[in-house]
Amino acid sequence: MKVTLKDGSVKEYGQPMSVIDIAKDLSEGLGRMACAGEVNGKVVDLRTVVSEDCQLNILTFQDDAGKAAYRHTTSHVLAEAVKRLYPDAKCAIGPSIDTGFYYDFDMPSLDRAALDAIEAEMKKIIKEGRELVRFTLPREEAIRLMEERQEPYKVELIRDLPEDAEISFYQQGDFVDLCAGPHLMSTKNIKAIKLISSSGAYWRGSEKNKMLTRVYGTAFTKNADLEAYLAHLEDIKKRDHNKLGREMELFTTVDVIGQGLPLLMPKGAKIIQTMQRWIEDLEDNEWGYVRTKTPLMAKSDLYKISGHWDHYKDGMFVMGDEEKDKEVFALRPMTCPFQYYVYKASQKSYRDLPLRYGETSTLFRNEDSGEMHGLTRVRQFTISEGHLIVRPDQMVEEFKNCLALAKYCLTTLGVEEDVTYHLSKWDPDNREKYIGEPEVWEQTEQHIREILTELNIPFTEDVGEAAFYGPKVDINAKNVYGKEDTMITIQWDALLAEQFDMYYVDANGDKVRPYIIHRTSMGCYERTLAWLIEKYAGQFPTWLCPEQVRVLPISEKYNDYAKQVLAELRRNGILASVDERSEKIGYKIRESRLQRIPYMLVVGQKEAEEGVVSVRSRFLGDEGQKPLSEFIAAVSEEIRTKAIRKVETAEA
């Protein structure tokens, strides 16, 4: 038997060997570090026996699949610890995740003290060094075993498996869990663990099912790595927009108004106003867009023409009953059908195209209550929406321009390096979800693939993520917790023009169907604000700050000069205020720093006599005295160019 290793070398064995035994044969150290194996590209358990020629890779914690096996084993240790301390708890599922692992239990909620007790019990189990033994059972015996152990969720999972599925279990001491693996050989291989938090989670993610108690944890091979991760979590808490945005009084939510309906407070509203004016002027003045303003609702008839009624109705807020009411309305989840009728209001020639319609669109989507989170997942939101009506021969160039505009916006905001690009394709095995013929989908997906390749944009391909009428490019980013959201979308649509009988007259006088690009230039304003809060920990670039300069008089005697400075700042379009309170200057400076204001201008007798200001910034700290005109010129240029200055002082 020849085993080809990752480095290309070949080992020969005269008899079948388990993956772990091969790892130990290669080196004792590798045997100790092994978490799983990869045979001919398939991840397998260390106990898997290799009996014929193959390619083998020994996976350690440094490999994603190895790390997953390590943390999955730790989730089993968590389950055993819970069962020891809470014998009546019922086990549901316990997978590894990117940040560690979790396990769902049917049991009362847990506080921090309870988590600490469970963690201590886990460490006892690890110290005991229990071996994990894998075994399989026929379907009925597997069900009977879990029934005897009074684990109803495991019984349900087994009944949902295919009739011919191999039903495997892992046992460590007296604890047995339904599991496909892979797992470590023993609990003693787990070195550093921490239970992070506990929350509620619906069984199988459906709010129709029972709420379970989910325990999150993480695991590493070194205590130093665990400590670094815990420090990272503390930084995340400081950056979490849902917490920081409220502390900075950017937004709030109120139960009597409803989930997913945030209230933007004056500072948050100012940031979004700044972004909106920038995007509208950018699109109209530099990228050739014309603006529309369309209704927030429409009759169901409109959505039936577009296909949204059949494919998207569950995600819409519908007013009325089709069986009882003469007219049924729905709040709009998108703007495209409305802008199509702007196009259709007059006949268009091939010379009129491309037509680029832009609209700052407020949209409504009936998201599940469990999905609501701060500003990233809401039920009412506003986007920089646009639809380009183009001739087929213009489609590729216009699609490239939409990508260029999106990249320009991301670069200006300072987040271009934080995103990933995805070609979202249809799923040919789920035809009911889509309109159009397979050849149209294949052609349009290939066009996008070629565009991204030509522009040297790295991308992944995601099956089943397309809109029902066409493939798209999704530009995604992760929040501080690692959850990925779509920030910008650019969609290729070769189908909806037919639905709405849209056409233009070509050079021969014939009616021709146009193509359509659905796109956002910056995406959802609320989600972008959340992203920027976390990216900058609230220390926004100066041009985006709701307050850019605060004038701080040393005492009340200098309030008049402070007001003169304020007036000059405002005349130059700088967002500024004066702190006239009878507080010590040190207190005023500290409070301004806490509110993340980019610049503070301290004024006293000398400044008033000489017409200067003493500048303190979050970038350089104490910048010394400057003529007011010089300071205004520099800050005005920073705002005009939308520069992103780095914070270079701990004082910030």
Side-chain angles (χ1 to χ4, degrees), residues 270-294 335-336 339 342-343 348 350-362 382-391 393-419 421 448 451-452 454-457 472-475 477 487-493 514-525 527-529 531-532 540-545 548 572-575 635-645:
K270 188 64 183 178
I271 296 173
I272 285 185
Q273 181 192 58
T274 299
M275 290 194 290
Q276 180 179 325
R277 289 177 173 174
W278 164 54
I279 289 295
E280 289 180 350
D281 289 344
L282 177 70
E283 290 179 345
D284 299 355
N285 299 335
E286 299 182 33
W287 292 83
Y289 283 76
V290 291
R291 211 129 290 274
T292 65
K293 186 172 176 60
T294 55
T335 311
C336 46
Q339 289 191 326
V342 174
Y343 176 86
K348 303 297 189 298
Y350 69 98
R351 295 188 182 90
D352 297 318
L353 304 186
L355 259 175
R356 308 180 188 96
Y357 293 120
E359 182 165 336
T360 302
S361 304
T362 297
T382 302
I383 66 173
S384 56
E385 193 165 21
H387 295 90
L388 289 75
I389 319 299
V390 306
R391 302 193 310 262
D393 64 288
Q394 298 169 327
M395 188 67 166
V396 169
E397 189 63 29
E398 290 297 320
F399 202 92
K400 289 179 183 177
N401 288 341
C402 290
L403 281 166
L405 174 57
K407 292 192 76 170
Y408 175 81
C409 293
L410 293 169
T411 301
T412 303
L413 292 171
V415 294
E416 202 273 332
E417 293 182 355
D418 302 334
V419 302
Y421 290 78
I448 296 176
I451 289 171
L452 292 170
E454 179 186 337
L455 296 176
N456 293 316
I457 297 175
K472 55 182 176 170
V473 173
D474 284 327
I475 304 177
M487 309 308 295
I488 295 173
T489 293
I490 304 168
Q491 301 174 351
W492 184 301
D493 176 7
Y515 282 0
I516 302 167
I517 300 173
H518 308 240
R519 48 101 274 180
T520 55
S521 51
M522 190 193 64
C524 168
Y525 286 98
R527 185 173 288 180
T528 300
L529 175 56
W531 188 14
L532 295 174
F540 305 107
T542 301
W543 72 277
L544 278 176
C545 287
Q548 295 157 339
N572 285 273
I574 297 170
L575 301 175
V635 174
S636 296
E637 180 67 6
E638 182 183 338
I639 294 169
R640 185 190 68 80
T641 60
K642 300 177 175 58
I644 300 175
R645 294 187 66 183

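In this structure, CE on M395 lies 5.0 Å from CH2 on W492, to the nearest 0.5 angstrom. In this structure, the separation between OG1 on T542 and NZ on K642 is 12.5 Å, given to the nearest 0.5 Å.
Checked against ring-ring contact (aromatic ring centres under 6.0 Å, His included), H387 has the following partners two or more places apart in sequence or in another chain: H518. With sequence neighbours excluded, the residues forming a side-chain contact (heavy atoms from CB on, under 4.5 Å) with A404 are W287, listed by chain and number. Every residue meeting the side-chain hydrogen bond (donor to acceptor under 3.5 Å, both in side chains) condition with D418, not counting sequence neighbours, appears here in chain and number order: K535. Take R277 and apply the salt bridge (charged side-chain N to carboxylate O under 4.0 Å, His left out) test, not counting sequence neighbours, and it matches no residue. The side-chain contact (heavy atoms from CB on, under 4.5 Å) test applied to S361 returns R332, T335, E359, L363, I383, E385, not counting sequence neighbours.
With 3.5 Å as the limit, one finds no donor-acceptor pair spanning the side chains of Q339 and T294. For T520 and T489, the side-chain atoms include no donor-acceptor pair closer than 3.5 Å.
Put simply, the side chain of L413 reaches to within 4.5 Å of the side chain of L544, judged on heavy atoms. The shortest distance between side-chain heavy atoms of I389 and P514 falls below 4.5 Å. Taking the side chain as every heavy atom from C-beta outward, C545 and L575 never approach each other to under 4.5 Å. Contact annotation: the side chain of V390 never approaches that of F399 to less than 4.5 Å [non-hydrogen atoms, C-beta and beyond]. The shortest side-chain heavy-atom distance between L410 and I488 falls under the 4.5 Å cut-off.
By the 30° and 60° cut-offs, the orientation of the rings of Y343 relative to Y357 is perpendicular.
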Practice prompt. Start with the C-alpha distance between R291 and E283, add both sets of side-chain angles, then the distance that settles salt bridge (charged side-chain N to carboxylate O under 4.0 Å, His left out), and finish with yes or no.
Written response: CA-CA 9 Å; R291 211 129 290 274; E283 290 179 345; 2.7 Å; yes

Item to complete: Step by step, work out the salt bridge (charged side-chain N to carboxylate O under 4.0 Å, His left out) result for R519 and E398.
Response: CA-CA 11 Å; R519 48 101 274 180; E398 290 297 320; over 6 Å; no

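With respect to S521, the side chain to side chain contact (heavy atoms under 4.5 Å, CB included) criterion is satisfied by exactly one of L405, I490, L282: L405.
Identified under the side-chain hydrogen bond (donor to acceptor under 3.5 Å, both in side chains) test for residues 399-414, with sequence neighbours left out: K400-E454.
Within a 6.0 Å sphere centred on CD of E417, other residues, nucleotides and ligands contribute 12 heavy atoms or fewer.
Taking each heavy atom of A643 and W543 in turn, the nearest pair found is O-CD1, 4.3 Å.
S384 contributes a side-chain N or O that, together with a main-chain N or O of M522, makes up a donor-acceptor pair within less than 3.5 Å.
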